[in-house]
Amino acid sequence: MIDLIFPDGSQRQFDDGVTGRAIAGSISKSLEKKAVLVKLDGELLDLDRPLARGGRFEILTRESPEALETIRHDVSHIMAEAVQELFPGTQVTIGPAIEDGFYYDFARDEPFSLDDLPKIEQRMKEIVERDEPIKREVWDRDEAIRHFESIGERYKAEIIRDLPEDEEISVYRQGSWKDLCLGPHLPSTRAAGKAFKLTKLAGAYWRGDHRNPQLQRIYGTAWASEAELDAYLHRLEEAEKRDHRKIGQAMDLFHFQEEGRGMAFWHPKGWTLYRTLVAYMRRRMEAAGYQEVKTPQLLDRSLWERSGHWDKFHSDMFVCETDEGEVLAVKPMNCPGHVQIFNHGQRSYRELPIRLAEFEGLHRYESSGSLHGLLRVRQLAQDDAHVFCREDQVESETRDFVRLLNLVYADLGVELHAVKLALRPEVRAGSDEMWDRAEAMLERAARDVGLEFEILPGEGGFYAPKLEFHLRDAIGRTWQCGTLQLDMVMPERLDASYIGEDGLKHRPVMLHRAIFGSIERFLGVLIEHYAGAFPLWLAPVQLVVATITSDADDYAREAAAALQAKGLRVELDLRNEKVGYKVREHSLAKTPVIAVVGRREAEQRQVALRRLGSDRQQLMGLDDAANALASEASPPDLARQAAGALAPRTAVVREAG
RNA sequence: GCCGCCUUAGCUCAGCCGGUAGAGCGGCGCAUUCGUAAUGCGUAGGUCGGGUGUUCGAGUCACCCAGGCGGCACCA
């Protein structure tokens, strides 16, 4: 007998080997009909799986949020069955559920075409209607290998071979089709429903390794109901409208062209946005005790060899050779340069921490296939800084950094969503002892400052473990932007040292940190976050003064000048067009404020303000409007300062050790 | 880099089965001076990403190259 505890707290006994279906049936006929899965101590199991032990037990219907992943997994199997029916000779590999949907990787010589997708979808729907029962079977390992090889499924046979010896080999049969799978699955194909759609074709490497053969991946999305599917497709459309590449084009912010792949041409408006953002960060960092520096764009190969970058990254760097035979690399990052500044002269423990910041351009030879608008470029700049400090300062530096990061994200209207601690990767510089210490120190600092974080083994940087800061945008997508890396390797390799209280040389710890990360990328994220409708302080054009008739031209010029004199970024629209036309055009251009002036405003020395997204008008005296808008347009940090909330920090020449 | 798809006026896009290119927006000109998301009329823009081939004839078919897009791999 086994004891099952139900969600309502009641407890019942059942015979060994009882199935979820039988239990559901013992409760009610309707539940038996609706049940698709069971959950035993948190583990999802097939409805017809005999239960061998007791525990906390729950019967799930297909409406349950937890069943959704299984629905998607089932749909991926249904797709595989459809593909094998339609395209005999295609081998199956794996097909998991993923966020919002599923995919399945197939091996087939002939490529699938986009036109095949509707056919496959059609066949999938037929399979759902066939209501094929899905049954779990446990097979003998060798027999399974032999079976899959005999039917030409080499990848499946390989998967079984690589499974641990003691693992049960489960095969799921759905109708006459079968697949090696861990499960669980719904009781029949009908339960998967038809709220699915195949979305894209892609290449993918077998087992995610580019040395392996490339398979054909078909992606799809699947939901419990048509309504949810429609809502998802609608979300996709909305996300597409926010695409920073489209908005960048429409708002005339930047462009790319063939001759400069992965390198943005920033137009006046885009560059204004860029500079506004960077100016904001400069002030923040200066207030937080960072010192800005500038280091060479090109540095001799020997320095990159010493830093360790040449070994690991030289094929990802732009390298040039002079007539005299020097080999120079365009800097892909600032760290080695900053160490040179740190190393220049002798450092005392009393000077630490030294925080060196740089916003200069970096170049990385990113592979052609990875370029993606502003999100992945070859030329970029970062809000980059390196903090050289003593080990006992790591915690307070981490604390200050996290505080700054939170403040910055709040100012920009984004939300810190998650923190992750990425530990040593397989390929890395530095000894294991160093990594042990660096990881322990960073983890401890993160805990001490009260961060909650997930640990990502193997995801760390080349020479340092890192804390990743993921933010969430307006439509719920997350982006990794901020980073804090604790590096003991580069100070060692580049021989950075300071004189301690004991008069001896010590190695500083080097913290690599950024809040935006790549500024290009961050701007891409911000453009999508705001869908181009930036808050007033960031908007490239903050205000347009638009006339109704030419009678108001002179006054409009005067008004624009007055607004401009207050530091506002103003455009003047005197064109011979109707106001409706001008309002529409500037609204589409996402101008935050339109100041309309006609004869009445000219006579009264007023402006009629119209905010983006609203059709209301606010009539104000010109001087009042200029003052109000100017204060509204001041960047959040300056606004706080003006409000007296934050006194400007005076530079400390030397703190007591 | 790998797989698939795409590449037509400044922008967004239409051009079926091969017979030497269209629309809307934008630009320019003229008229209109019109009170908050598109005033009317007129006009100028392209040889169809680049190349080779098939064909009497190619934007339309085939192949090669480049770029873009969607993934994969990579990401200091």
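We name chains A, B, ... by the order of the sequence lines, and we start the count at 1 in each one. A quick note: this is a predicted structure, and the numbers were derived from the prediction, not measured.
- Residues meeting the side chain to side chain donor-acceptor pair (under 3.5 Å) test with A:Lys466, sequence neighbours left out: none.
- If you check every strand for non-hydrogen atoms under 4.0 Å, A:Leu215 touches nothing.
- When the P atom is used for both B:C75 and B:A62, the distance is 38 Å, rounded to whole Å.
- Separating the P atom of B:C6 from that of B:A76 is a span of 34 Å, rounded to the nearest Å.
- Following rounding to the nearest Å, A:Asp115 (CG) and B:C6 (C1') show an atom-to-atom distance of 14 Å.
- Atom pair A:Asp573:CG and B:G35:C1' shows a separation of 15 Å (rounding to whole Å applied).
- With C1' as the reference atom, B:G29 and B:G70 are 44 Å apart, rounded to whole Å.
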Just by protein heavy atoms under 4.0 Å, how would nucleotides 70-76 of chain B read 5' to 3' in B, S and -? BBBBBBB
Listed pairs, N/O of protein and of nucleotides 24-30 of chain B, under 3.5 Å:
residue : atom : partner  : partner atom : Å
B:G26   : OP1  : A:Tyr581 : OH           : 2.7

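- Straight-line distance between the P atoms of B:G71 and B:G51: roughly 32 Å, to the nearest whole Å.
- Checked by atom type, the side-chain pair A:Glu366/A:Gln379 shows no donor-acceptor distance below 3.5 Å.
- Annotation: B:C28 and B:G45 have their P atoms spaced 16 Å apart (nearest Å).
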Parsed dot-bracket for RNA chain B after applying the Watson-Crick and G-U rules with both distances under 3.5 Å and | for other-strand partners is (((((((..((((.....[..)))).(((((.......))))).....(((((..]....))))))))))))....
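- With sequence neighbours excluded, the residues forming a side chain to side chain donor-acceptor pair (under 3.5 Å) with A:Arg301 are A:Glu305, listed by chain and number.
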Is there a ring pair (Phe, Tyr, Trp, His ring centres under 6.0 Å) between A:Phe254 and A:His267 once you walk through the steps? CA-CA 5 Å; A:Phe254 58 84; A:His267 295 12; 7.8 Å; no
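- Counting only N and O atoms by type, the side chains of A:Tyr555 and A:Arg557 include no donor and acceptor under 3.5 Å apart.
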Between the protein and nucleotides 43-51 of chain B, are there any N/O to N/O pairs under 3.5 Å, and if so, what are the atom names and distances?
none

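- B:C11 and B:U7 have their P atoms separated by 15 Å, given to the nearest Å.
- The distance between atom CD1 of A:Ile594 and atom P of B:G35, rounded to the nearest whole Å, is 16 Å.
- Put simply, CD on A:Gln216 is 11 Å from P on B:C3, counting in whole angstrom units.
- At B:G35, none of the side-chain N or O atoms of A:Arg600 fall inside 4.0 Å of OP1 or OP2 (strictly under the cut-off).
- A donor-acceptor contact under 3.5 angstrom links the side chains of A:Thr295 and A:Lys331, judged on distance only.
- When the P atom is compared between B:C25 and B:U33, the two are found 23 Å apart, to the nearest whole Å.
- Rounded to a whole Å, the NZ atom of A:Lys590 is 12 Å from the C1' atom of B:A37.
- Taken to the nearest 0.5 Å, the NE2 atom of A:His512 stands 9.5 Å off from the OG1 atom of A:Thr483.
- Inspection of the A:Glu358 and A:His338 side chains reveals an N or O donor paired with an N or O acceptor under 3.5 Å.
- Partners of A:His470 according to the ring-ring contact (aromatic ring centres under 6.0 Å, His included) rule, which considers only residues two or more places apart in sequence or in another chain, do not exist here.
- Every side chain to side chain donor-acceptor pair (under 3.5 Å) that A:Glu585 has, sequence neighbours left out, goes to A:Arg575, A:Tyr581.
- For the C1' atoms, the distance linking B:G10 with B:A44 amounts to 13 Å, nearest Å.
- A centroid separation of 6.0 Å or more is found between the aromatic rings of A:Trp223 and A:Phe196.
- Contact annotation for A:Ala608: base contact, defined as any heavy-atom pair under 4.0 Å involving a base atom.
- Minimum atom distance to the side chain of A:Lys578 is reached by B:U39, of the listed B:U39, B:G1, B:G35.
- Listed by chain and residue number, A:Tyr104, A:Phe112 satisfy the ring-ring contact (aromatic ring centres under 6.0 Å, His included) test with A:Phe106 (two or more places apart in sequence, or in another chain).
- Under the salt bridge (charged side-chain N to carboxylate O under 4.0 Å, His left out) criterion, A:Glu292 pairs with A:Arg282, not counting sequence neighbours.
- In this structure, A:Arg108 places its CZ atom 16 Å from P of B:C3, rounding to the nearest Å.
- Looking at residues two or more places apart in sequence or on another chain, you find no ring-ring contact (aromatic ring centres under 6.0 Å, His included) involving A:Tyr290.
- In this structure B:G45 sits in the syn conformation; its chi angle is within 90° of 0.
- In this view, A:Thr549 satisfies the side chain to side chain donor-acceptor pair (under 3.5 Å) rule with no residue, not counting sequence neighbours.
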